[in-house]
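I have placed the structure first, in the form of structure tokens, so that the comments after it can refer back to it.
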Amino acid sequence: MAQVRPHLPVRRKEPSQNTAKMTKGTCSFGKKNNKTHIVCRRCGKRSYHVQKSTCASCGYPAAKLRKYNWSEKALRRRTTGAGRMAHLKDVQRRFRNGFREGSQAPKKNAN
């Protein structure tokens, strides 16, 4: 007669922390090393989509600048006065004086 082994309890492995679930964070971020957007040559933002060949911010290479009224804050960022206004500052001053050229400003009377 064959020897009967005593019944041993089945040892279940507890799932380790790593294999318990698929994670969307930390370990997945290490795999994100492809660039979808590069710096746009028109607006200078990192919004130019390489495969689509269009800028998500300004719409380059389209002739007209991308702008939507549903984004008021974006309009404010790029409207007149957001930059240096190197030329327009000069134009405003000349407008107040009637765009005079080749003459001197009239002297102010000292009272």
Side-chain angles (χ1 to χ4, degrees):
M1 210 159 142
Q3 236 181 357
V4 179
R5 289 189 201 166
H7 180 69
L8 296 173
V10 179
R11 294 179 78 193
R12 290 194 177 105
K13 286 183 179 177
E14 291 183 30
S16 65
Q17 196 69 21
N18 299 349
T19 58
K21 62 176 184 175
M22 298 289 282
T23 57
K24 296 179 188 172
T26 314
C27 59
S28 300
F29 285 112
K31 296 174 181 163
K32 299 186 179 187
N33 57 1
N34 298 333
K35 284 198 172 99
T36 51
H37 294 91
I38 59 172
V39 175
C40 173
R41 57 202 303 195
R42 177 156 74 181
C43 66
K45 287 187 178 180
R46 190 166 161 269
S47 308
Y48 186 81
H49 197 284
V50 181
Q51 287 184 323
K52 288 186 193 174
S53 301
T54 52
C55 178
S57 179
C58 70
Y60 180 83
K64 292 188 177 182
L65 206 63
R66 175 187 172 273
K67 100 180 182 54
Y68 294 100
N69 288 331
W70 48 255
S71 181
E72 283 183 44
K73 202 181 267 191
L75 293 174
R76 246 183 283 146
R77 285 190 202 111
R78 66 176 108 215
T79 190
T80 312
R84 284 174 52 209
M85 292 205 337
H87 174 64
L88 274 182
K89 274 191 290 191
D90 188 45
V91 172
Q92 287 170 352
R93 178 179 49 78
R94 287 174 29 225
F95 169 76
R96 283 196 302 266
N97 296 318
F99 293 101
R100 61 174 174 235
E101 286 184 359
S103 61
Q104 280 194 312
K107 301 218 169 177
K108 292 181 181 178
N109 295 334
N111 289 343

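Within a 6.0 Å sphere centred on CZ of Arg78, heavy atoms belonging to other residues, nucleotides or ligands number more than 12.
The side chain to side chain donor-acceptor pair (under 3.5 Å) search around Arg96 returns none, not counting sequence neighbours. By the side-chain contact (heavy atoms from CB on, under 4.5 Å) test, Lys64 is found to be paired with no residue, residues two or more places apart in sequence or in another chain being considered.
Distance check, rounded to the nearest 0.5 Å: NZ of Lys35 to CZ of Arg46 gives 6.5 Å.
Nearest heavy-atom pair across Pro61 and Ser53 is CD-O, 3.2 Å. Listed here is the closest heavy atom pair of Arg100 and Pro106: NH1-CD, 3.8 Å.
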Enumerate, atom names and distances included, each donor-acceptor pair closer than 3.5 Å involving a side-chain atom of residues 65-77, sequence neighbours excluded.
residue : atom : partner : partner atom : Å
Arg66   : NE   : Ala56   : O            : 3.2
Arg66   : NH1  : Ala56   : O            : 3.1
Arg66   : NH1  : Ser57   : O            : 3.2

Can you give the donor-acceptor pairs under 3.5 Å from side chains of residues 24-32 to other protein atoms, not counting sequence neighbours?
residue : atom : partner : partner atom : Å
Ser28   : OG   : Thr23   : O            : 3.0

Going by atom type alone, with no hydrogens or angles, which donor-acceptor pairs under 3.5 Å involve a side-chain atom of residues 82-94 and a protein atom two or more places apart or on another chain?
residue : atom : partner : partner atom : Å
Asp90   : OD1  : Arg93   : NH2          : 2.2

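Grouped with Tyr48 in one hydrophobic cluster are Ile38, Val50, Tyr60, the linkage being side-chain heavy-atom contacts under 4.5 Å among Ile, Leu, Val, Met, Phe, Trp and Tyr residues.
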